[in-house]
Amino acid sequence: MGARFEELAWRETPIGAISLRRRRDPALQVEVYEVKLDDEYLMSSLFPVAEIELARLGLAELAGDTLDVVVGGLGLGYTACTALADPRVRALLVVEAIEDVIDWHRRGLLPFATGLAEDPRTRFVRADFFAAVAGDDGFDVEAPGRLFDAVLLDVDHSPRNVLHPSHAPFYTPDGLRRLAALLRPEGVFALWSDDPPDDGFTATLAEVFTTARAHVVPFANPLTGAQSANTVYVARR
């Protein structure tokens, strides 16, 4: 067993100082990996259920057997790893704004994400997801305008609680139409949110997509001993 607390990585970024920490939880007897932005917790390995369900629920909507998938926001890698576990996925493009987060995976700092960086289907793109949607080339600078079967997004806390004001236009009908234009016919957009289902945002999705649904994802919270929940929105073009 290593030190009870260790800061594995830290870097100042345009949206704040991002850090990866590992700590030993004496009550649960597990190693916990956490990502913080300044003093705000972004994610924890204690609560991976909704990040996993983001990929499962999103890909379950697709009927094809050769899927090209974008994951927006790499984080601890749960969504990307779950996508790769689907044998239909032939290519995974991971769009991450912070090079250090990509480096965590390339350096093998996250044991539960082993194999993600090495999988030949994975390609990391260091880019701002929201700027890519707003731009002319889309997600893949090597193939401008490339279309995808699914886009799985986990960056902001929720559509109304964003990490940076520049992200807010994405969650409007105009922003979502630009995203939809990067999907193949009947392609899927799925979004993680820390907030309960937002009827207003579901209605916004329905303006742009053929179908839109908010899934409540419950999970056991070992810190409170009770149940918590996140939301996964799934919309199909």
Side-chain angles (χ1 to χ4, degrees), residues 8-9 11 13-15 18-20 33 35 37 42-45 48 50-60 62 64 66-135 137-157 163-164 167 170 178-179 182-184 187-193 232-234:
L8 300 175
R11 176 77 59 138
T13 78
I15 61 172
I18 193 163
S19 61
L20 173 65
Y33 291 78
V35 179
L37 184 66
L42 294 185
M43 60 197 68
S44 169
S45 61
E51 286 86 348
I52 292 168
E53 288 302 304
L54 172 61
R56 288 181 178 165
L57 289 168
L59 298 185
L62 295 165
T66 53
L67 305 180
D68 297 332
V69 178
V70 171
V71 167
L74 174 55
L76 295 176
Y78 286 105
T79 300
C81 287
T82 303
L84 285 178
D86 189 321
R88 300 176 299 159
V89 174
R90 66 177 176 182
L92 180 70
L93 198 70
V94 181
V95 181
E96 171 57 54
I98 301 173
E99 181 67 34
D100 293 72
V101 177
I102 297 173
D103 186 57
W104 300 345
H105 289 268
R106 287 179 171 153
R107 291 167 56 196
L109 297 181
L110 302 163
F112 43 83
T114 298
L116 172 60
E118 295 79 18
D119 194 300
R121 296 172 293 168
T122 302
R123 180 151 62 91
F124 296 123
V125 175
R126 194 278 192 203
D128 183 320
F129 176 94
F130 304 97
V133 172
D137 294 336
F139 297 118
D140 191 349
V141 294
E142 297 180 7
R146 178 183 174 189
L147 302 182
F148 294 86
D149 298 290
V151 173
L152 314 173
L153 178 60
D154 178 4
V155 173
D156 293 312
H157 295 302
L163 295 179
H164 192 274
H167 300 180
F170 171 79
R178 296 188 68 90
L179 182 280
L182 297 172
L183 290 170
R184 294 189 176 119
V188 166
F189 169 55
L191 171 71
W192 175 92
S193 172
V232 172
Y233 298 92
V234 180

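Side chains are part of it too, since the values below use all heavy atoms of this structure and drop only hydrogens, waters and symmetry mates. These numbers come from a predicted model, not from an experiment.
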Within this structure, what is the [atom1]-[atom2] distance for the pair [X] and [Y], rounded to the nearest 0.5 Å?
X	Y	atom1	atom2	result
L74	L116	CG	CG	6.5 Å
E51	T79	CD	OG1	6.0 Å
L147	L182	CG	CG	7.0 Å
R126	D100	CZ	CG	9.0 Å
I52	L57	CD1	CG	11.5 Å
L54	S193	CG	OG	11.0 Å

So which atom in [X] and which in [Y] form the shortest heavy-atom distance, rounded to 0.1 Å?
X	Y	answer
A80	V94	CB-CG2, 4.4 Å
A83	L152	CB-CD1, 4.4 Å
L76	L20	CD2-CD1, 4.1 Å
V133	R178	O-NE, 3.1 Å
A113	C81	CA-SG, 3.8 Å
W192	H157	CZ3-O, 3.6 Å

> In chain order, what residues pass the ring pair (Phe, Tyr, Trp, His ring centres under 6.0 Å) check against F148, with sequence neighbours excluded?
Replying inline: none
>> Could you work out, with ring pair (Phe, Tyr, Trp, His ring centres under 6.0 Å) as the rule, every residue matching F170, not counting sequence neighbours?
In response: F129, F130, F189
Non-neighbouring partners of [X] that pass side chain to side chain contact (heavy atoms under 4.5 Å, CB included), sequence neighbours left out:
X	result
R107	D103, L109
A143	D140, R146
H164	I15, S166, H167

> Of V188, L59, L191, which meets side chain to side chain contact (heavy atoms under 4.5 Å, CB included) against V234?
Replying inline: V188
>> Out of the candidates P48, P111, S44, only one should pair with Y33 under the side chain to side chain contact (heavy atoms under 4.5 Å, CB included) rule; please name it.
In response: P111
>> Enumerate the ring-ring contact (aromatic ring centres under 6.0 Å, His included) contacts for residues 84-109, please, sequence neighbours excluded, ordered by first and then second residue.
In response: none
Any side-chain heavy atom of [X] within less than 4.5 Å of one from [Y]?
X	Y	result
D68	R184	yes
F139	V151	yes
R106	F124	yes

For [X] and [Y], indicate whether the former's side chain and the latter's backbone hold a donor-acceptor pair under 3.5 Å.
X	Y	result
R88	T66	no
R121	L92	no
D128	A97	no

